[in-house]
Protein chains: 2
Amino acid sequence: MEKIGIEAIKREDTCTCTGIGSVELMQEPQITEEQAVGIAEVFKALGDPTRVKMIYYLQQRELCVHDLATLLEMGQSAVSHQLRYLRDLHIVKRRKVGKTVFYSLDDEHIEQIFVQTLGHLQHM
Amino acid sequence: MEKIGIEAIKREDTCTCTGIGSVELMQEPQITEEQAVGIAEVFKALGDPTRVKMIYYLQQRELCVHDLATLLEMGQSAVSHQLRYLRDLHIVKRRKVGKTVFYSLDDEHIEQIFVQTLGHLQHM
DNA sequence: CTTATATATGAGCATTTACTCATATATTCA
DNA sequence: TGAATATATGAGTAAATGCTCATATATAAG
């Protein structure tokens, strides 16, 4: 992942762009790789049409796997795999009642991010 | 993409989960495939560590391709490809000065989504 | 015009993703 | 206990992704 190449060295020697050394002026707290990966992980979880629909529906009400599959017009297995993915990220949680497993949103922050973004996108 | 299979038919016939027909009670405006794809597209654009860093830096100041490559410790080509991707989504815009091309954020909504999400993630 | 520099882009490739299929597990009911 | 149902999961696969490498384009300087 990390790469130190000819390109990096060449880069240092040549361009100063504005001539004011804009990179050096970048003094605000730099973002770390871990932070960037963590932020990207959350956005990535919301970055798929199937998961967008899932979260959209679950934001309205708790739903079992079967009903989600019906709403999404998808196979049970595919839905279950996606729910597993979202559960690993603590975005959804399970509630088991007999044979049935009900899913709901597990993170208020994610929910707010989702709803706020929906609001933003309506004005675009 | 659309699939009408044995699974879908079987599903209709059996489970009612709570027995109150929770799917039928889902009467709020359903999300369309196009809407879900559009929403997912935006989140997906923010769902990569490289692009997260890019947007983080560009949210602070306008930067040329070269300086971005230096900050990201990445090759010029990779950075240019990602900028192209973000530009196609109107998330960043170009400003050309001689040989140099400066990039900055192009969408106030995306910027707000990004910053608000960063705020949320700090409290998790 | 020629050379150097800044950026853009097409092709190729390894990895990741999102599904399907088959099957495992868990629970209810006869 | 055995059959039926609801969900979970591992393996396999086609498509998407994010990079590298080579090269094209655009501009400036000599």
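Below, chains carry the letters A, B, ... as their sequence lines are ordered, and counting in each starts from 1.
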Atom [atom1] of [X] and atom [atom2] of [N]: how far apart are they, to the nearest Å?
| X | N | atom1 | atom2 | result |
| --- | --- | --- | --- | --- |
| A/D48 | D/dA16 | CG | C1' | 11 Å |
| A/D67 | D/dT5 | CG | C1' | 14 Å |
| B/M54 | C/dT7 | CE | P | 12 Å |
| A/E73 | C/dT20 | CD | P | 13 Å |
| B/E41 | D/dA16 | CD | P | 13 Å |
| B/L72 | C/dT7 | CG | C1' | 15 Å |

What's the separation between atom [atom1] in [X] and atom [atom2] in [Y], rounded to the nearest 0.5 Å?
| X | Y | atom1 | atom2 | result |
| --- | --- | --- | --- | --- |
| A/K99 | A/C64 | NZ | SG | 11.5 Å |
| A/Y103 | A/L63 | OH | CG | 12.5 Å |
| A/I91 | A/M54 | CD1 | CE | 11.5 Å |
| A/F43 | B/I113 | CZ | CD1 | 7.5 Å |

Q: State, without any angle test, whether A/Y57 and B/Q30 hold a side-chain donor-acceptor pair at a distance under 3.5 Å.
A: yes

With sequence neighbours left out, what residues match [X] under side-chain contact (heavy atoms from CB on, under 4.5 Å)?
| X | result |
| --- | --- |
| B/K96 | B/R94, B/V101 |
| A/H109 | A/D107, B/H120, B/H123, B/M124 |
| B/V42 | A/L121, B/I110 |
| A/E108 | A/Q112 |

Q. C/dA6 base to B/Q76 side chain: any donor-acceptor pair below 3.5 Å?
A. no

**Q.** Donor-acceptor pair under 3.5 Å, B/S77 side chain vs D/dC21 base
**A.** yes

Q. Which of residues 81-90 of chain B sit near DNA chain C, with a heavy atom under 4.0 Å from it?
A. B/H81, B/R84

Within the structure, does a side-chain N or O atom of [X] lie under 4.0 Å from either OP1 or OP2 of [N]?
| X | N | answer |
| --- | --- | --- |
| B/K44 | C/dT17 | no |
| B/T50 | D/dC19 | yes |
| A/R94 | D/dT7 | no |
| B/Y103 | C/dA6 | no |

Nucleotides 12-14 of chain D: which of its N/O atoms have a protein N/O under 3.5 Å away?
none

**Q.** Contacts of A/R95 that satisfy salt bridge (Lys or Arg N to Asp or Glu O under 4.0 Å) - sequence neighbours left out
**A.** A/E62

Listed pairs, N/O of protein and of nucleotides 25-30 of chain D, under 3.5 Å:
| unit_1 | atom_1 | unit_2 | atom_2 | d |
| --- | --- | --- | --- | --- |
| D/dA26 | O3' | B/K96 | NZ | 3.4 |

Q: Not counting sequence neighbours, list each pair that qualifies as a salt bridge (Lys or Arg N to Asp or Glu O under 4.0 Å) and has a residue in residues 42-53 of chain B.
A: A/E33-B/K53

Q) In terms of the nearest nucleotide of DNA chain C, which residue is placed more toward the 5' end: A/A78 or B/V101? A) B/V101

With a 3.5 Å cut-off and sequence neighbours excluded, list the donor-acceptor pairs that the side chains of residues 83-90 of chain B form with protein atoms.
| unit_1 | atom_1 | unit_2 | atom_2 | d |
| --- | --- | --- | --- | --- |
| B/R84 | NH1 | B/D88 | OD1 | 3.4 |

